[in-house]
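Encoded as structure tokens, the structure appears first; notes follow it.
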Amino acid sequence: MSTSTEVDLTGFITLLRRETLRFIRRPRNTFVPPFITNVLYFSVFGVVLGERINLIAGVPYILFILPGLVVLGAISNAFENASFSIFHGRWNRYIEEAVTSPLSYRTMVVAYVLSSAFRGVIVGILVALIGAFFTAVGVAQPAYLVAFGIVISLLFAALGVAGGLWADDFDDLTMMNQFILRPLVFFGGVFYSLNELPVILQQVSLLNPMIYMVNGVRFGFLGVSEVDPTQSLVVLVGLTALVIIGDIVLFRRGYGLTE
């Protein structure tokens with residue numbers, strides 16, 4: 001192993017460890033909020049409304065919404081972690097330590113993306129465990145569930161890196177998460193079936209990428225999907241690769257990193 005490769009690997013492990021420990025050491029900020037939020041979601045939408053709603057796609061309503069809540073938890077936390085980490089590093093200027101280090105831009109981006117995706121996966125699992133207290137949760141297609149869980153977390157971690165470079169202040173981070181990301185998820189078939197919509201709205205909904213993510217995870221849990229899960233997964237893998245490459249290009253050009 002060459003010296004440059006050893007330096008890159010050591011730096012990658014160090015940066016990955018730092019970014020991972022940053023959120024693991026603060027569980028009150030990382031894990032408690034999604035825990036409380038999803039207990040409320042399952043209580044109100046799953047139990048209270050679920051008792052008044054018939055089966056959707058042949059499954060109980062509380063089971064139908066569980067995959068969407070898993071997606072919401074995973075991508076929100078992956079995006080938030082990456083965007084906040086990059087922006088906070090810019091704000092306090094300690095990201096310059098990584099940028100001026102011997103690490104390649106690819107290594108830096110991958111470390112930020114992986115650590116944030118890891119947080120997304122953990123929160124997704126936490127949401128699924130919360131759901132298991134309210135209803136019997138099974139896994140019909142484990143390979144699809146794992147694949148979609150990892151890919152969507154990686155995708156939104158990569159998008160979070162770009163968002164952290166773009167943001168000018170903390171309000172921009174809040175706006176992206178609360179006013180762009182979450183509405184797309186809620187209109188992504190989390191609480192309703194596409195088949196219940198008028199035809200024109202069904203076609204419009206298919207333009208929302210969240211439809212494919214929610215249905216992909218739903219296929220993993222329930223074996224039920226309103227879109228082709230294999231095609232969705234292939235497209236999401238390609239999109240994730242493109243966004244990560246875009247992040248590397250932004251780092252190389254110094255976008256948001258230099259005045």
Side-chain angles (χ1 to χ4, degrees), residues 11-27 29-31 33-34 70-99 101 103-127 148-182 184-185 209-210 213 236-237 239-258:
F12 168 75
I13 294 173
T14 302
L15 184 56
L16 179 66
R17 181 174 181 271
R18 187 192 75 179
E19 292 302 311
T20 302
L21 290 177
R22 188 179 62 81
F23 67 81
I24 288 181
R25 286 173 173 172
R26 304 185 67 181
N29 296 333
T30 304
F31 304 119
V70 169
V71 171
L72 176 59
I75 66 177
S76 295
N77 280 268
F79 182 89
E80 178 183 339
N81 192 82
S83 60
F84 179 83
S85 181
I86 295 294
F87 180 79
H88 193 262
R90 291 170 54 212
W91 184 270
N92 290 282
R93 308 190 73 85
Y94 64 80
I95 199 172
E96 295 175 359
E97 299 175 3
V99 175
S101 71
L103 295 179
S104 67
Y105 297 115
R106 177 181 60 188
T107 299
M108 285 185 279
V109 168
V110 171
Y112 282 114
V113 169
L114 284 182
S115 59
S116 299
F118 182 49
R119 173 174 169 176
V121 170
I122 292 176
V123 173
I125 294 173
L126 174 64
V127 175
F148 271 100
I150 292 174
V151 169
I152 65 177
S153 296
L154 288 171
L155 173 58
F156 279 87
L159 289 172
V161 170
L165 293 172
W166 170 81
D168 290 326
D169 53 43
F170 287 100
D171 289 337
D172 289 337
L173 299 182
T174 302
M175 179 194 70
M176 287 186 286
N177 201 345
Q178 299 295 331
F179 299 106
I180 298 177
L181 184 60
R182 287 180 180 268
L184 284 174
V185 175
M210 300 299 176
M213 302 178 199
L236 289 173
V237 169
L239 182 59
T240 301
L242 287 176
V243 176
I244 291 175
I245 292 172
D247 289 340
I248 296 172
V249 172
L250 292 176
F251 261 72
R252 183 176 291 116
R253 294 181 177 178
Y255 177 80
L257 299 173
T258 57

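What you are looking at is a predicted structure, and each value in this text was computed from that prediction instead of being measured.
Put simply, CD1 on Ile75 and OG on Ser116 are 14.0 Å apart, with the number rounded to the nearest 0.5 Å. Distance OG1/Thr30 to CG/Asn81: 7.0 Å, rounded to 0.5 Å. Annotation: the span from Leu181 atom CG to Met210 atom CE amounts to 5.0 Å, rounded to 0.5 Å. Here the CD1-CG distance, from Ile245 to Leu250, works out to 12.0 Å after rounding to the nearest 0.5 Å. Note that CD1 of Ile152 and CG of Leu155 are 8.5 Å apart. Values are rounded to the nearest 0.5 Å. For the atom pair CD1 (Ile248) and CE (Met108), the distance works out to 10.0 Å, reported to the nearest 0.5 Å.
Under the side-chain contact (heavy atoms from CB on, under 4.5 Å) criterion, Leu242 pairs with no residue, sequence neighbours left out. Residues that satisfy the ring-ring contact (aromatic ring centres under 6.0 Å, His included) test with Tyr105, not counting sequence neighbours, are absent from this structure. Scanning for side-chain contact (heavy atoms from CB on, under 4.5 Å) contacts around Ala167 gives Phe87, Asp172, Leu173, Met176, with sequence neighbours left out. Every residue meeting the side-chain contact (heavy atoms from CB on, under 4.5 Å) condition with Ser85, not counting sequence neighbours, appears here in chain and number order: Glu19, Arg22, Tyr112. In this structure Thr107 satisfies the side-chain hydrogen bond (donor to acceptor under 3.5 Å, both in side chains) test together with Asp8, Ser104, sequence neighbours excluded. The ring-ring contact (aromatic ring centres under 6.0 Å, His included) check on Trp166 picks up nothing, with sequence neighbours excluded.
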Assess the residue pair Phe251 and Ile86 against the criterion (side chain to side chain contact (heavy atoms under 4.5 Å, CB included)); give the C-alpha distance rounded to whole Å, side-chain angles, the decisive distance to 0.1 Å, and a yes or no. CA-CA 11 Å; Phe251 261 72; Ile86 295 294; 4.0 Å; yes
Determine, stepwise, if the pair Val151 / Met213 fulfils side chain to side chain contact (heavy atoms under 4.5 Å, CB included). CA-CA 9 Å; Val151 169; Met213 302 178 199; over 6 Å; no
Would Phe156 and Asn77 count as a side chain to side chain contact (heavy atoms under 4.5 Å, CB included) if you check the C-alpha gap in whole Å, the side-chain angles of each, and the deciding distance to 0.1 Å? CA-CA 9 Å; Phe156 279 87; Asn77 280 268; over 6 Å; no
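The two atoms that bring Ala78 and Ala117 nearest to each other are CB-CA, 4.4 Å, heavy atoms only. Contact detail for Pro34 and Val123: the closest heavy-atom pair is CB-CG1, 3.9 Å. The two residues Leu154 and Leu114 make their nearest non-hydrogen contact at CD2-CD2, 3.8 Å. The shortest heavy-atom contact between Ala158 and Val113 is CA-CG2, 3.9 Å. Counting all heavy atoms, side chain and backbone alike, Ala74 lies closest to Ser153 at CB-OG, 3.9 Å.
When the shell of 6.0 Å around CZ of Arg18 is examined, it contains more than 12 heavy atoms from other residues, nucleotides or ligands. In the displayed structure, Phe118 atom CZ is contacted under 6.0 Å by at most 12 heavy atoms of other residues, nucleotides or ligands.
Contact annotation: the side chain of Asn29 never approaches that of Phe23 to less than 4.5 Å [non-hydrogen atoms, C-beta and beyond]. Contact annotation: the side chain of Ile244 never approaches that of Arg106 to less than 4.5 Å [non-hydrogen atoms, C-beta and beyond]. Using a 4.5 Å heavy-atom threshold, the side chains of Ile122 and Leu126 count as separate.
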